[in-house]
4 protein chains.
Amino acid sequence: MSLDKKEHIIDVAIELFAEKGFEGTSIRELAAKADVNLAMVNYYFGSKDKLFEAMVEYKVSFMRGKIEELEKDKSLSELEKMDKIVEGYVERFLSHPEFHKVLQQEMLVSPREEMHKRVMGIFKQNTENITHIIERGIRKKVFKKVDPQLTFATLIGTINQVLMSKSLCNILTGKDEKFNPYTDEHFKKRIINHLKQILHDHLLLH
Amino acid sequence: MSLDKKEHIIDVAIELFAEKGFEGTSIRELAAKADVNLAMVNYYFGSKDKLFEAMVEYKVSFMRGKIEELEKDKSLSELEKMDKIVEGYVERFLSHPEFHKVLQQEMLVSPREEMHKRVMGIFKQNTENITHIIERGIRKKVFKKVDPQLTFATLIGTINQVLMSKSLCNILTGKDEKFNPYTDEHFKKRIINHLKQILHDHLLLH
Amino acid sequence: MSLDKKEHIIDVAIELFAEKGFEGTSIRELAAKADVNLAMVNYYFGSKDKLFEAMVEYKVSFMRGKIEELEKDKSLSELEKMDKIVEGYVERFLSHPEFHKVLQQEMLVSPREEMHKRVMGIFKQNTENITHIIERGIRKKVFKKVDPQLTFATLIGTINQVLMSKSLCNILTGKDEKFNPYTDEHFKKRIINHLKQILHDHLLLH
Amino acid sequence: MSLDKKEHIIDVAIELFAEKGFEGTSIRELAAKADVNLAMVNYYFGSKDKLFEAMVEYKVSFMRGKIEELEKDKSLSELEKMDKIVEGYVERFLSHPEFHKVLQQEMLVSPREEMHKRVMGIFKQNTENITHIIERGIRKKVFKKVDPQLTFATLIGTINQVLMSKSLCNILTGKDEKFNPYTDEHFKKRIINHLKQILHDHLLLH
DNA sequence: AATGAATGAGGATTCATTCAT
DNA sequence: TATGAATGAATCCTCATTCAT
């Protein structure tokens with residue numbers, strides 16, 4: 001049960017799911033692209049659905065825990081925490097753009113009940129953690145009385161919007177068709193600056 | 001070719017595509033839910049792909065031209081225009097939430113080349129119109145030197161985030177599972193207020 | 001019940017059946033090419049099968065009776081009769097090449113029981129008439145003791161071979177792809193000469 | 001990929017295509033008659049069209065090369081070569097009558113572009129080889145100045161005519177409905193004799 | 001542990017035909 | 001008489017999955 005092969009299949013699956021969606025990707029195609037036997041996918045993962053679950057499980061482990069730690073950190077102000085969160089999110093989303101596209105699809109459509117709940121759970125956790133930070137900032141009178149939930153929606157929504165599609169992103173930012181925004185350091189900074197700026201403007205009393 | 005029946009099929013299609021995605025929806029299922037003969041879909045629309053195109057064409061006509069008019073209106077300040085845009089967008093997106101979910105999917109995955117370009121074109125138009133307004137505000141020194149494109153991404157991304165999934169939205173806003181945010185007047189106002197506030201904070205000099 | 005329209009449909013049907021076969025031609029396509037309503041074909045002819053029958057009936061009437069008359073003609077020798085038959089056959093086959101292609105198909109495959117028998121009947125009649133002429137020639141000692149049936153097969157088979165496909169015929173005769181052998185007067189004479197020559201060689205004592 | 005099963009499917013396909021034509025034969029029917037799963041045909045051959053191609057490829061290999069060898073043989077006279085060709089053709093056509101019916105159909109109608117060209121190519125090769133032999137006979141003054149191409153058409157057309165349909169053949173030769181001419185040794189000799197005789201009569205100077 | 005062969009269920013689409021008008 | 005709308009059956013093909021080895 002070569003772990004490498006499993007990982008390889010998952011990587012190819014992410015690519016294909018991001019490009020064509022879960023339903024639009026056939027196991028045949030996946031096996032061909034991953035250069036493994038057609039029966040391997042079912043042999044390793046049990047079914048196409050379970051491959052999806054394994055994929056989420058495998059990738060999600062990379063992106064957990066960061067925010068929880070942040071929240072507990074007493075040495076940082078709420079604004080500094082928000083800045084860290086912006087940096088962390090942008091960093092993470094842009095370094096796994098395809099996986100996040102798959103997750104976005106999973107949020108949009110949800111025939112896989114269990115998986116949906118799973119992803120929802122993670123999202124809920126993040127929502128709560130970040131709204132708590134904002135609420136504390138409000139209580140401490142360093143933040144204005146904003147709408148914490150929708151402020152989080154703005155943060156995550158802006159990144160998702162950019163992440164939605166490479167060509168959409170290039171239209172948005174006026175770049176050339178072939179430009180890959182997700183690997184561009186300048187672009188990453190541009191997003192981080194924008195998000196920090198807009199959150200500062202929105203949150204801070206002046 | 002009873003127009004009512006065509007419209008009915010399109011309405012059911014939007015529902016199903018929003019719920020299960022284009023690939024995840026079978027014509028069989030669609031015909032069953034719309035209570036029409038299986039062959040009707042191909043009879044009316046030619047193919048599943050063309051049904052999708054007809055659907056977009058049909059719905060898009062409802063939402064065109066508003067922003068162009070707005071831009072040309074000399075009597076409104078840039079800030080007033082942005083407020084109008086927020087109201088218009090939220091109004092429109094929340095009154096056709098399922099259709100917009102389908103469009104979001106189309107942006108995420110794109111096996112339908114032609115349709116993809118079509119939807120991209122609309123998006124591009126909107127991007128340009130709104131960034132123009134922001135840029136004019138900047139030139140007139142009523143707006144700060146913000147990033148116009150990403151500011152638009154924030155606007156549209158926030159709405160999309162909320163629209164992504166009913167249950168996601170309810171998690172976000174802390175509502176009950178059964179609550180329908182898209183038909184709730186209070187919720188609509190909440191989003192509009194948040195967006196206006198965040199744009200004011202971000203755009204205006206103080 | 002405009003007769004012109006019926007004839008028109010039949011003409012278009014022959015074209016299409018010759019080109020794509022009976023099963024390979026859809027009523028939709030036929031109606032489109034004939035520029036009539038889809039339901040017209042069934043309305044006029046009852047069904048696709050009956051259209052075929054009507055087509056055969058309609059065209060066959062043109063080509064009947066000639067040989068019977070010939071056989072009874074006492075003023076001509078057997079050889080002269082054979083020459084007349086060659087001329088008549090070539091003339092007739094080459095002026096309705098598409099219809100004869102359809103008949104050839106009908107001989108090759110036969111899902112239409114009734115029609116098959118009908119066409120067989122005509123063929124049988126022709127076989128008998130011509131073999132009678134040959135047999136009489138043999139009895140009169142003007143013809144050699146040939147195989148009358150297979151001699152007829154040679155006559156009809158040679159024409160059919162040429163008629164099978166335009167491009168096949170052009171390969172056979174070394175002509176250009178675009179050449180239409182069936183409307184060429186020289187080619188017609190070439191076939192007639194060949195057939196007369198080969199029958200003379202085969203039939204006549206020397 | 002059990003070769004036996006592939007061959008079996010091809011054999012059944014030939015039977016059915018000969019009987020009902022390509023378009024007239026459904027994969028369902030084919031699978032049922034061959035007693036294999038419906039999906040097997042596509043599994044083995046990829047598509048109905050490719051099954052056809054495989055069928056031709058498979059059978060054609062049996063019947064290649066014979067005539068080329070013959071042409072190069074210096075020890076035989078042109079007349080002897082023609083006799084050999086007659087024997088070879090009749091032998092081959094009558095031992096695979098159904099396959100040749102399928103090929104005849106392919107010549108008559110041609111929606112399968114590639115296959116058509118393929119079969120045309122074989123035919124062209126045969127045409128050239130045989131007309132070369134006849135032409136050499138003419139140059140050597142052992143044959144009369146006949147029309148080489150149409151003489152070949154007569155040879156092949158006669159066989160095709162007989163092969164067209166069992167019942168047609170029985171009508172032609174005055175046999176009973178149930179008689180199978182293609183497996184009858186006497187009948188084979190009858191055709192061979194007729195063809196040799198008619199070619200001798202036609203080709204030889206006297 | 002790994003895989004080529006095989007399969008049943010379901011995919012979209014096209015068909016000839018019918019029906020209401 | 002003529003036709004647009006509608007339909008059930010059948011088309012080919014692809015799917016995820018399983019099984020024997």
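FYI, side chains are in, hydrogens and waters are out, and symmetry mates aren't considered; it's all heavy atoms of this structure. Letters A, B, ... mirror the listed sequences (proteins, then strands); counts begin at 1.
Between D/Asn42 atom CG and E/dA9 atom P the separation is 17 Å, expressed in whole Å. A/Phe45 places its CZ atom 15 Å from the P atom of F/dA16, with the value rounded to the nearest Å. Counting to the nearest Å, the C1' atom of F/dT1 and the OH atom of C/Tyr44 are 8 Å from each other. The separation between D/Phe52 atom CZ and F/dC13 atom P is 14 Å, rounded to whole Å. Rounded to whole Å, atom C1' of F/dT14 lies 13 Å from atom NZ of D/Lys50. In this structure, the CZ atom of B/Arg112 is 12 Å from the P atom of E/dA12, given to the nearest Å. Between the C1' atom of E/dG4 and the NZ atom of D/Lys5 lies a distance of 13 Å, rounded to the nearest Å. In this entry the distance linking NZ of A/Lys6 with P of E/dA2 reads 11 Å, nearest Å.
For the pair C/Tyr44 and C/Leu51, the minimum side-chain heavy-atom distance is 4.5 Å or more. Here the side chains of A/Leu30 and A/Val36 are not in contact, with every heavy-atom distance at 4.5 Å or above.
Residues of residues 13-41 of chain C having a heavy atom closer than 4.0 Å to DNA chain E, listed by number: C/Thr25, C/Ser26, C/Ile27, C/Arg28, C/Leu38, C/Ala39.
Using a cut-off of 4.0 Å between Lys/Arg side-chain N and Asp/Glu carboxylate O, D/Arg118 and D/Glu53 are scored as not salt-bridged.
Paired with D/Leu163 under the rule side chain to side chain contact (heavy atoms under 4.5 Å, CB included), one option of D/His96, D/Gln104, D/Glu98 passes, and it is D/Gln104. Tested against C/Phe52 for a ring-ring contact (aromatic ring centres under 6.0 Å, His included), the candidates C/Phe22, C/Phe45, C/Phe99 yield a single pass: C/Phe22.
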**OP:** Take B/Glu23 and B/Arg112, measure what salt bridge (charged side-chain N to carboxylate O under 4.0 Å, His left out) needs, and give me the verdict at the end.
**Re:** CA-CA 11 Å; B/Glu23 324 281 349; B/Arg112 289 163 291 291; 3.4 Å; yes
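Paired runs in DNA chain E that reach 3 or more consecutive Watson-Crick or G-U pairs, where each pair keeps both distances under 3.5 Å, cover E:2-21 with F:2-21.
Contact check, A/Tyr43 against E/dT3: no side-chain N or O comes under 4.0 Å of OP1 or OP2.
Using modelled atom types, one side-chain atom of D/Lys48 and one backbone atom of D/Thr25 make a donor-acceptor pair closer than 3.5 Å. With hydrogens and angles disregarded, a donor-acceptor distance shorter than 3.5 Å links the side chain of D/Lys101 to the backbone of C/Leu108.
Rounded to the nearest 0.5 angstrom, A/His100 NE2 and A/Ile14 CD1 are separated by 10.5 Å.
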